[in-house]
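Remember, predicted model here, so these are calculated numbers, not experimental data. Note: hydrogens, waters and symmetry copies are ignored here, and every other heavy atom, side chains too, is used. Every chain is numbered from 1 and lettered A, B, ... according to where its sequence line falls, protein lines coming before strand lines.
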Amino acid sequence: MEYYLGITQTIGVHTLLGLSAYVLLLTGQLSLAQVGFFAIGSYVSGILTVIFGWHILPALLVGALVAGFFAFLVGFPALRVKGLMLVVATIAFSEIVRLVFFNVNWRVEVNGLEVGPDSTQGFREIRYFAANGWEQAHVVLLIWLIVILVMVLLWWLDKVRAGAVLRAVGEDELAAQSSGVNLTMVKVAAMTGGGVIAGIAGGLFAHSTTYVDHHTFSILLATFAVSYPILGGLKNVLGTLMAVIFIQGFIIEGLRFMGDYRNILFGLLIIVAMNFRPQGLVDGNFTSDLRKLLRMNQKRGGIDA
Amino acid sequence: MLKLTNLAKYFGGVRAVDGLDMQINKGEIFGLIGPNGSGKSTTVNLICGVFPQTAGTIELDNVDLGRLAPHQRIEFGVSRTFQNIRLFGDLTVWQNLWVAWRDAPGHETSWLVNWFGSPADRRHEIQKLLEFSGLGDRADRPASSLSFGEQRRLELARAMASKPKLILLDEPAAGMNSEEVADLRNRILTMKNLGMTVLLVEHVMDLVMSVTDRITVLNFGKPIAEGTPLEIQNNEMVQEAYFGSAKNVEAGN
């Protein structure tokens with residue numbers, strides 16, 4: 001049971017990470033900075049609960065806001081570069097963040113124990129949940145409440161004009177600009193929103209694993225983050241969720257016996273998907289089929305009753 | 001209304017636009033013609049702010065547009081279409097207009113409704129613009145699924161959705177058959193009747209000569225003639241720019 005709860009936790013955290021990249025991809029920005037924001041969220045919220053003894057919810061919120069603030073700052077220079085250059089620039093950002101936390105040494109005595117980030121040794125004992133009597137099921141519940149909240153929010157965003165504007169920027173910047181869209185504002189807003197979501201994911205991750213160090217925030221994780229929405233498709237948020245379930249649930253967990261070969265499989269999967277299904281797993285046909293299926297079941301239920 | 005003074009744009013050593021003076025009056029349909037590479041599209045791009053001018057000024061109703069970002073120029077009432085159609089292909093026809101929509105001056109809604117309003121808030125107004133463009137039954141189709149003529153009409157509608165004072169049409173008749181050109185002519189005249197000023201860049205001479213009030217002819221980035229369609233048709237320099245001079249032909253022999 002614990003094993004499955006653990007996977008459910010991982011899938012929840014990775015879904016948030018994927019959604020943070022999804023928001024940026026809507027505007028056509030492929031960013032590997034999400035792992036940097038994730039790291040900021042982890043450390044900030046971890047420090048708040050461990051060193052300052054905050055409650056988990058405000059700590060998560062502040063971690064997310066600080067990550068969002070850095071995303072806002074990164075948003076402006078990122079405007080000037082596109083495509084591959086943006087990928088390179090955002091990798092650089094994530095590496096800077098990783099190396100900063102690699103060097104952070106802030107040890108404090110709390111209740112007779114020395115706690116806090118310990119540079120190369122990593123940040124241990126982020127034990128808010130255990131110390132406050134949360135069971136693993138509660139943690140899973142918290143993570144998935146937040147996942148659902150973010151998904152509903154992004155779903156709603158797609159139904160209002162702001163969503164159409166984000167997608168318009170992703171399709172054709174020049175046409176969007178010539179239709180009166182303020183590119184700077186839209187792209188920086190998307191970057192900030194993505195940063196906030198990644199920051200929450202980071203906070204949840206740090207507290208559910210109780211330990212993070214600089215290895216956690218590798219470029220591999222950043223690659224995972226962007227590959228979820230790319231594999232899942234940008235039609236709606238369900239694609240990202242399905243891609244995470246498939247990659248984390250099947251490839252990483254289900255094929256555990258394959259060890260590091262799974263990373264090769266992951267790379268192959270991306271290449272195959274890009275060639276045979278560039279629009280992602282979930283496209284317009286998929287959602288309308290799903291809707292038909294649901295309607296059919298409803299009808300059948302009606303007849304049975 | 002629109003006043004270009006000594007406008008210039010150099011791309012490295014290439015002088016795409018080289019000292020253009022031009023004035024368009026309110027309510028006019030103004031033609032900008034010239035051979036390929038004479039700087040017509042560059043002029044449109046300069047007015048819209050796609051790139052900054054090398055020298056000169058662009059004024060709209062005495063407001064200097066020259067240093068404003070493209071989306072700010074829309075707020076002052078400039079909008080455009082593109083030579084090679086640039087729609088938001090994966091968005092629906094309706095959403096294409098929704099993105100570009102601006103309320104008429106004096107009837108603005110709050111920014112909250114503007115950004116986070118649902119389609120229902122604008123359903124009626126946008127549907128009206130779609131009917132006008134002959135796309136009433138296409139509202140929920142992806143823009144990329146439209147036929148070529150429909151895509152041209154949608155781009156025109158999108159340019160009108162921002163309620164512009166001045167609308168720049170960059171070769172709107174390119175690739176159209178004669179029936180579609182006739183329809184376009186009516187639409188341009190309707191725009192004029194609605195109070196818009198039109199700058200028409202075009203190669204289809206039938207259209208330009210029958211619809212414009214005045215024309216400027218560009219060659220090598222410089223204006224070589226200005227006048228009514230009739231004056232332009234009879235202008236020797238214009239004929240020379242388009243067809244080469246009779247003297248050259250003789251010299252060639």
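In B/Asn193, the CG atom is crowded: over 12 heavy atoms of neighbouring residues, nucleotides or ligands sit closer than 6.0 Å. By the 6.0 Å contact criterion, NZ on A/Lys235 is open, its count of non-hydrogen atoms from other residues, nucleotides or ligands being 12 or less. Around the CZ atom of A/Phe69, the shell of radius 6.0 Å holds no more than 12 heavy atoms that belong to other residues, nucleotides or ligands. When the shell of 6.0 Å around NZ of B/Lys3 is examined, it contains 12 or fewer heavy atoms from other residues, nucleotides or ligands.
Of the two parts of B/Asn114, the backbone and the side chain both hold a non-hydrogen atom closer than 4.5 Å to a non-hydrogen atom of chain A. The part of B/Phe82 that comes within reach of chain A is its side chain, from C-beta onward, which places non-hydrogen atoms under 4.5 angstrom from that chain. Both the backbone and the side chain of B/Arg86 come within contact range of chain A, judged by heavy atoms closer than 4.5 Å.
For a heavy-atom cut-off of 4.5 Å, chain B lies close to no residue in residues 79-89 of chain A. Among residues 163-186 of chain A, the residues having any heavy atom closer than 4.5 Å to a heavy atom of chain B are, in sequence order, A/Ala164, A/Val165, A/Arg167, A/Ala168, A/Glu171, A/Asp172, A/Leu174, A/Ala175, A/Ala176, A/Gln177, A/Ser178, A/Ser179, A/Gly180, A/Val181, A/Asn182, A/Met185, A/Val186.
Here B/Gly117 is the residue among B/Gly117, B/Ser162, B/Pro164 with the most heavy-atom pairs under 4.5 Å with chain A. Of the listed residues (B/Cys48, B/Gly89, B/Pro119, B/Ser118), the one with the most heavy-atom contacts under 4.5 Å to chain A is B/Gly89.
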